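Hydrogens, waters and symmetry mates play no part in the numbers below; they use all other heavy atoms, side chains included. Quantities reported herein were computed from a predicted structural model and do not represent experimental measurements.
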Amino acid sequence: MATLNVPPLPPSPRDDAIQLYAAFKGFGCDTSVVINILAHRDATQRAYIQQEYKAMYSGDLLKRLSSELSGKLETALLLWMHDPAGRDAIILRQSLTLPKNLEAATQLICSRTPSQLHYLRQIYHSKFGVYLEHDIETNTSGDHKKILLAYVTTPRHEGPEVNREMAEKDAKVLYKAGEKRLGTDEKTFVQIFSERSAAHLAAITSYYHSMYGHSLKKAVKKETSGNFALALLTIVQCAENPAKYFAKVLRKAMKGLGTDDTKLIRVIVTRAEIDLQYIKAEYLKKYKKTLNDAVHSETSGHYRAFLLSLLGPNQ
């Protein structure tokens with residue numbers, strides 16, 4: 001469930017474009033106006049506003065925003081202006097090329113559904129003139145590369161149906177490929193994690209726990225490491241409960257000394273129109289603090305105002 005709060009009768013894109021243009025005029029930008037408009041429009045409305053702005057003022061709204069804003073607010077708002085697939089493509093391109101952020105690329109790829117990935121690959125190619133697989137091939141290595149390539153290219157079922165017999169068998173196969181033997185058969189992990197549906201993987205984890213007394217997640221941590229482990233853990237956690245997974249990612253971004261704003265922005269901006277309401281609920285349940293309060297204490301100024309607008313009411 002999304003947290004995005006759109007007015008029941010939003011102004012026309014033309015009116016929004018006029019208001020934004022007025023906010024840019026004069027000395028300094030009226031940032032509050034910009035946030036109040038753009039943080040309360042959905043992807044389609046944001047696209048129409050950009051079209052209207054171009055038609056009326058012969059200018060690129062994104063370029064204007066970039067010149068008027070700065071720092072973390074600029075990063076967050078410019079990402080927000082894109083549609084979900086276009087935004088994912090931009091994040092991936094930035095994460096896979098210099099300076100690399102393979103954690104971001106891995107978390108993004110391994111938390112998306114097969115249909116999202118299929119569309120993302122098309123958008124990636126049309127935006128950058130290069131195939132996503134090529135950028136993964138060039139910028140990753142080893143088993144990490146194998147799981148990412150398999151995960152973006154293998155068609156997977158998206159329905160809730162599960163073959164229980166097969167799920168139990170897969171749990172046994174993974175045990176034999178990992179904990180039961182000396183050394184790990186990574187190829188088997190890549191195959192099962194990239195070919196099975198989310199519902200099927202959730203069933204595997206359930207069987208694994210009942211048969212071997214601990215979670216598949218624990219086994220993955222014990223048997224694998226680095227970005228390969230991160231990919232497998234992201235896949236299995238998102239199969240069980242994506243909202244809980246993203247609540248943990250957000251907690252990690254804000255825990256300790258300093259805030260990982262790149263991660264904070266990435267999760268809030270990419271999930272606001274999808275399931276941020278569920279993520280907020282999981283965050284509160286697990287950490288006994290609202291996500292809004294956590295973000296409020298870790299951010300400031302207009303950047304804080306923008307993120308809190310996307311998060312919606314503090315609950």
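With no hydrogens or angles considered, no side-chain donor-acceptor pair links T290 and Y283 at under 3.5 Å. For the residue pair E240 / T205, a side-chain donor-acceptor distance below 3.5 Å is found, with atom types taken as modelled. Side chains of N241 and E282: a donor on one and an acceptor on the other come within 3.5 Å. Side-chain polar atoms of T259 and E298 form a donor-acceptor pair below 3.5 angstrom. With no hydrogens or angles considered, a side-chain donor-acceptor pair links D261 and Y303 at under 3.5 Å. For T153 and E133, the side-chain atoms include no donor-acceptor pair closer than 3.5 Å. For the residue pair E223 / T184, a side-chain donor-acceptor distance below 3.5 Å is found, with atom types taken as modelled. One side chain, D185 or T188, offers a donor N or O that lies under 3.5 Å from an acceptor on the other. Counted by atom type alone, S115 and E158 present one or more donor-acceptor pairs between their side chains at under 3.5 Å.
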* **Worked check of side chain to side chain contact (heavy atoms under 4.5 Å, CB included) between S95 and L102** => CA-CA 6 Å; S95 306; L102 294 182; over 6 Å; no
* Asked: Checking salt bridge (charged side-chain N to carboxylate O under 4.0 Å, His left out) for the pair K146/E186: CA distance, chi angles, key distance, verdict?
  -> CA-CA 10 Å; K146 286 174 190 166; E186 289 88 357; over 6 Å; no
* **Step-by-step side chain to side chain contact (heavy atoms under 4.5 Å, CB included) determination, L264 to T299** => CA-CA 10 Å; L264 186 64; T299 57; 3.9 Å; yes
* To do: Go through the steps to decide whether Q94 and T262 satisfy the test side chain to side chain contact (heavy atoms under 4.5 Å, CB included), and finish with yes or no.
  => CA-CA 11 Å; Q94 289 170 348; T262 306; over 6 Å; no
* Kindly indicate, with the supporting measurements, whether the criterion side chain to side chain contact (heavy atoms under 4.5 Å, CB included) is fulfilled by I147 and N227. => CA-CA 10 Å; I147 185 67; N227 285 319; over 6 Å; no
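Looking only at distances, no side-chain donor or acceptor of R304 sits under 3.5 Å from a matching main-chain atom of V295. Distance alone, capped at 3.5 Å, places no donor-acceptor pair between the Q51 side chain and the Y48 backbone. Using modelled atom types, no side-chain atom of K180 and backbone atom of A177 make a donor-acceptor pair closer than 3.5 Å. Formation of a donor-acceptor pair under 3.5 Å by the R46 side chain with backbone atoms of D83 is not found in this model. For the pair S66 (side chain) and L62 (backbone), a donor-acceptor distance under 3.5 Å is absent. Side chain of H40 to backbone of N5: a donor-acceptor contact under 3.5 angstrom is found. Looking only at distances, a side-chain donor or acceptor of S67 sits under 3.5 Å from a matching main-chain atom of R64. T75 places a side-chain N or O within donor-acceptor distance of the main-chain N or O of G71, the cut-off being under 3.5 Å. The main-chain N or O of I90 is never found under 3.5 Å from a side-chain atom of K127 such that the two would form a donor-acceptor pair. With hydrogens and angles ignored, the 3.5 Å screen pairs no side-chain donor or acceptor of D275 with any backbone N or O of Y278.
The side chain to side chain contact (heavy atoms under 4.5 Å, CB included) with L61 is formed by just one residue from the set E52, K54, Q50; it is Q50. The side chain to side chain contact (heavy atoms under 4.5 Å, CB included) test with T270 singles out one residue from L276, L79, D88, and that residue is D88.
Taking 4.5 Å as the limit, every side-chain heavy atom of V190 sits out of range of all side-chain heavy atoms of L232. Annotation: side chain of R266 is in contact with side chain of Q107 (closest heavy-atom distance under 4.5 Å). Counting only heavy atoms from C-beta outward, the side chains of Q237 and K248 approach each other to under 4.5 Å. At least one side-chain heavy atom of L65 sits less than 4.5 Å from a side-chain heavy atom of F24. Contact check for S111 versus F246: side-chain heavy atoms found under the 4.5 Å cut-off. Residues F189 and V220 form a side-chain contact, since some pair of their non-hydrogen atoms from C-beta on lies under 4.5 Å apart. Using a 4.5 Å heavy-atom threshold, the side chains of R251 and K286 count as separate. Contact annotation: the side chain of D135 approaches that of R93 to within less than 4.5 Å [non-hydrogen atoms, C-beta and beyond].
The cationic group of R156 lies under 6.0 Å from the six-membered ring centre of Y151 and within 45° of the ring axis, placing it in a cation-pi geometry.
Atom OG of S300 is separated from atom NZ of K72 by 6.0 Å, given to the nearest 0.5 angstrom. Here I109 contributes atom CD1 and T234 contributes atom OG1; the two are 10.5 Å apart, rounded to the nearest 0.5 Å.
For NE2 of H214, the number of neighbouring non-hydrogen atoms (other residues, nucleotides, ligands) closer than 6.0 Å is greater than 12. Counted within 6.0 Å of NZ on K100, heavy atoms from surrounding residues, nucleotides or ligands total more than 12; the atom is thus considered enclosed. Residue-environment remark: NZ (K263) exceeds the threshold of 12 foreign heavy atoms within 6.0 Å. The number of heavy atoms from other shown groups lying within 6.0 Å of NE2 (H157) is above 12.
Taking the salt bridge (Lys or Arg N to Asp or Glu O under 4.0 Å) definition, one finds that K222 meets it with E179, sequence neighbours left out.
Of the charged side-chain nitrogens involved, none lies within less than 4.0 Å of a carboxylate oxygen, so that K289 and D293 do not count as a salt-bridged pair.
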Anything under 3.5 Å between a donor and an acceptor, one on a side chain of residues 165-173, the other on a protein residue two or more places apart or in another chain? List them.
from, atom 1, to, atom 2, distance (Å)
D170, OD1, R196, NH2, 3.1
D170, OD2, R196, NE, 2.6
D170, OD2, H200, NE2, 2.8

N/O donor-acceptor pairs under 3.5 Å from side chains in residues 9-19, not counting sequence neighbours:
from, atom 1, to, atom 2, distance (Å)
S12, OG, D15, N, 3.1
S12, OG, D15, OD2, 3.4
D16, OD1, R41, NH2, 3.1
D16, OD2, R41, NE, 2.7

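Using cut-offs of 30° and 60° on the angle between ring planes, the pair Y21 and Y57 is parallel.
A ring-centre distance under 6.0 Å is found for Y212 and Y175.
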